[in-house]
Amino acid sequence: MESKDLEKETLDLKTIIIGYLHQWKYFLAAFFISLIFAVLYLNVYPRTYEVFALIQLQEDKDLSVGGIGSSEASGLMKSFVLGGANGAGLNMDDERMVLASNELFREMILDLGINISYTKPYSLYKMYHDSPLRLKADSSTLMKVSDEMNISVVRKGSGNLEVMAKTEYGNKNFQLSALPAELDLFYGTFVLDYTAFGQELNKLDIKVLPVSWVAEDLEDGFLVEPPTKSSNVLEMSCRDHVKQRGIDKLVKLVYYYNQKADFQKKEEAYKTLSFLDERITAVMKDLSDIEFTIEEYKLRNRITALETDILFVAEQMKEIQTKIIEIEAQHQIINLIDSYVKDPENKYNLVPQILTQSSGEGASPLTSYNEALLERSRILQNSKGDNPVITKINNQVDQLRENVYLSIENAKKTLDFTLSDLRSKEKMLMDKLGEVPSQERVYIDYRRQQEIFQTVYLILLQKREETALSIGVDRPKARIIDAPYVKKKSVGPRKLYAGLFMIVFTFLMPILVLFIKKNTLELISAYKNTPKC
């Protein structure tokens, strides 16, 4: 029974196929129609090209300045770190988001003027540099455009032009006898002028779109991806109907990315310079005061060659004094950081780290705190103020700031303990030298303070020079490895798509037409055979 049903179904299928084959004219007609559409698609649709570029993202590195200060200052500089964001490394996902951000796209669009398109009537091709006219406006006016604005320009006799503008706010017409001319449109003043191809103008359609709309469309067509997860190299590509326009897009996008990174780097550098200038001024005042005190002390006690008199003391105490100087200098630096961190104006500013390697327990909280501030800055650049992620990162920063307070206090206690121990040892040596006059001991203390201020001054001065040099260094963050170029084969129109369309249309359309025709005839026949009341 089942075999008979299967044979019956097979016969019905053969009957259907043979029935369709008898209607071969429909399939032939569908083939020729699909061929016409495919040819039109391949010849009328603008050719699309893929533009590719390869860039490498570089980390910011401190410049080093050698040969500043005495041997003691040079040695101390190896133990001190004064820095901000440097050394934090690159987060490639964040950099990709910045590189493909709407803000950079808007700047690129305004620069190239691609939010304004020029097309001839009945053409799908959007002109670029070959447009006979150019419509211009300042960036503030273009940013005011909130909806599509269509402008039609028609050449009349004797070189006159008729301009018709249509927007959501209404229509405006202009009669122009010469160009350039100003057009008072709904969003501001635009300037219309001829280009080198102005003689080809008969009729031109101009469309002005909001910059944000164009940026959204371009974001979908841009690809920014690293070739490997551990690489600092990014592959960039986009598609465009005009080769030069695609190249210009990638070039300008990298240019504005570097410009933005350079601005942020210099902004942080200027803040660091301001901080260093304030501290240098304060340290110079302290150094001047102690030098004046030493001079006054020598005059009052008639001391001329104390260094020779206490030479044997200096030989025995040299090691302890050197250590005391280092610890005192570190203590001064930590006090600077303490006052900077607790200043409410610096609540979300990067902390200049000035901790010795010996107080390594304080370096880690400061590093984590600075990294959190950098992450907060990146989120603020790409988010709105009501983003819950901002509240979360603010809470994290506040917690880390408390850890910084604690690490600074611990570092102070450690230094105080070490300093107390060194002074105890120093006192023991001084007691053994009872023949040394009391004024000599006071003088030693004054000289130690002087050397401390000199060391701090040299450290701050060197960092200031490094920061000032970094501002003048033109080092782009994105280094171009492969300049934007157009790939050999175009990506559209695709012959494969045309072939698939022909196959589907040739077989599907006749079957659909015959099916509708058959059912229509059956309905008509059934209607005629229906008994009339």
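The first residue of the sequence shown is numbered 1, and numbering continues consecutively from there. Atoms considered below: every heavy atom in the structure, side chains included; atoms not considered: hydrogens, waters and symmetry mates.
With hydrogens and angles left out, the side-chain atoms of E103 and Y256 include no donor and acceptor closer than 3.5 Å. No side-chain donor from either of N91 and E95 sits under 3.5 Å from a side-chain acceptor of the other. Between N102 and E219, the side chains place a donor N or O and an acceptor N or O closer than 3.5 Å (distance only, hydrogens not considered). A side-chain donor-acceptor contact under 3.5 Å links T141 and D138.
Classification of K323 and E328 as a salt-bridged pair fails, no side-chain N sitting under 4.0 Å from a carboxylate O. Using a 4.0 Å cut-off between charged side-chain N and carboxylate O, D277 and R464 make a salt bridge. Salt bridge annotation for R96-D93: present, with a cationic side-chain nitrogen under 4.0 angstrom from a carboxylate oxygen. Contact check on R245 versus D248 returns no salt bridge, with no Lys/Arg side-chain nitrogen under 4.0 Å from an Asp/Glu carboxylate oxygen. The residues D416 and K412 are annotated as not salt-bridged, no charged nitrogen and carboxylate oxygen being separated by less than 4.0 angstrom.
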**OP:** Would you please test L57 and Y257 for side chain to side chain contact (heavy atoms under 4.5 Å, CB included) and show each step?
**Re:** CA-CA 11 Å; L57 302 186; Y257 172 78; 3.8 Å; yes
**OP:** Apply side chain to side chain contact (heavy atoms under 4.5 Å, CB included) to the pair L458 and Q462, showing each step before the final yes or no.
**Re:** CA-CA 6 Å; L458 290 174; Q462 179 168 342; over 6 Å; no
**OP:** List the steps and the verdict of side chain to side chain contact (heavy atoms under 4.5 Å, CB included) for L250 and C238.
**Re:** CA-CA 8 Å; L250 293 184; C238 69; 4.1 Å; yes
**OP:** Apply side-chain hydrogen bond (donor to acceptor under 3.5 Å, both in side chains) to the pair D445 and Q449, showing each step before the final yes or no.
**Re:** CA-CA 6 Å; D445 187 60; Q449 293 182 44; 3.0 Å; yes
**OP:** Carefully, step by step, assess I333 and L336 under the rule side chain to side chain contact (heavy atoms under 4.5 Å, CB included).
**Re:** CA-CA 5 Å; I333 297 300; L336 295 180; 4.2 Å; yes
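When side chains are defined from C-beta on, I294 counts as touching Q450, because their heavy atoms get closer than 4.5 Å. Residues M143 and L110 have side chains in contact (heavy-atom distance under 4.5 Å, counting atoms from C-beta outward). Between T195 and L133, every side-chain heavy-atom pair lies at or beyond the 4.5 Å cut-off. Between E168 and S146 the shortest side-chain heavy-atom distance falls below 4.5 Å. Counting only heavy atoms from C-beta outward, the side chains of K207 and M149 never approach each other to under 4.5 Å. Residues F105 and L253 are in side-chain contact: their nearest non-hydrogen atoms beyond the backbone lie under 4.5 Å apart. In this structure, V224 and E235 have side chains that are not in contact, with every pair of non-hydrogen atoms separated by 4.5 Å or more. You'll find the side chain of M92 reaches within 4.5 Å of the side chain of N232, heavy atoms only.
The heavy-atom pair separating A137 from L142 by the smallest distance is O-CD1, 3.8 Å. Closest approach of I471 to L273, counting heavy atoms only: CD1-CD1, 3.5 Å. Residues A269 and T467 share a closest heavy-atom pair of O-CG2, 3.5 Å. Minimum interatomic distance between P210 and D147 (heavy atoms only, all atoms of both residues): CG-N, 3.5 Å. The heavy-atom pair separating K243 from V486 by the smallest distance is CB-CG2, 3.8 Å.
Looking only at distances, no side-chain donor or acceptor of Q332 sits under 3.5 Å from a matching main-chain atom of I452. The backbone N or O of Y270 lies less than 3.5 Å from no partner atom in the side chain of S274, so there is not a single donor-acceptor pair. The main-chain N or O of E268 is found under 3.5 Å from a side-chain atom of T272 such that the two form a donor-acceptor pair. Panel note: side chain D111, backbone E107; no donor-acceptor pair is recorded below 3.5 Å. Formation of a donor-acceptor pair under 3.5 Å by the N410 side chain with backbone atoms of L406 is found in this model. With S420 contributing its side chain and F417 its backbone, the two residues share no donor-acceptor pair below 3.5 Å. Distance alone, capped at 3.5 Å, is enough to place a donor-acceptor pair between the S101 side chain and the V98 backbone.
Between Y118 and Y128, the gap from one ring centroid to the other reaches at least 6.0 Å.
With respect to L135, the side-chain contact (heavy atoms from CB on, under 4.5 Å) criterion is satisfied by exactly one of D193, V191, I206: I206. Among the candidates K487, K126, K249, the single residue satisfying the salt bridge (charged side-chain N to carboxylate O under 4.0 Å, His left out) test with D240 is K249.
Residue-environment remark: CD (Q244) exceeds the threshold of 12 foreign heavy atoms within 6.0 Å. The number of heavy atoms from other shown groups lying within 6.0 Å of NZ (K260) is above 12.
A distance of 7.5 Å separates CD1 of I480 from CG of N258, quoted to the nearest 0.5 Å. Atom-to-atom distance recorded for T418:OG1 and I324:CD1 is 11.0 Å, nearest 0.5 angstrom. The distance from the CD1 atom of I247 to the OH atom of Y49 is 11.5 Å, given to the nearest 0.5 Å. To the nearest 0.5 Å, the span separating NZ on K477 from CZ on R475 amounts to 10.5 Å. Atom CD of residue Q454 and atom CD1 of residue I325 lie 9.5 Å apart, to the nearest 0.5 angstrom. Taken from CD in E451 to CD1 in I290, the straight-line distance is 11.0 Å, to the nearest 0.5 Å.
When the ring-ring contact (aromatic ring centres under 6.0 Å, His included) test is applied to Y446, the partners found at least two apart in sequence or on another chain are Y297. Every residue two or more places apart in sequence or in another chain that forms a side chain to side chain contact (heavy atoms under 4.5 Å, CB included) with S231 is listed here: P227, T228, V233. With sequence neighbours left out, the side chain to side chain contact (heavy atoms under 4.5 Å, CB included) criterion links A181 to L176, L179.
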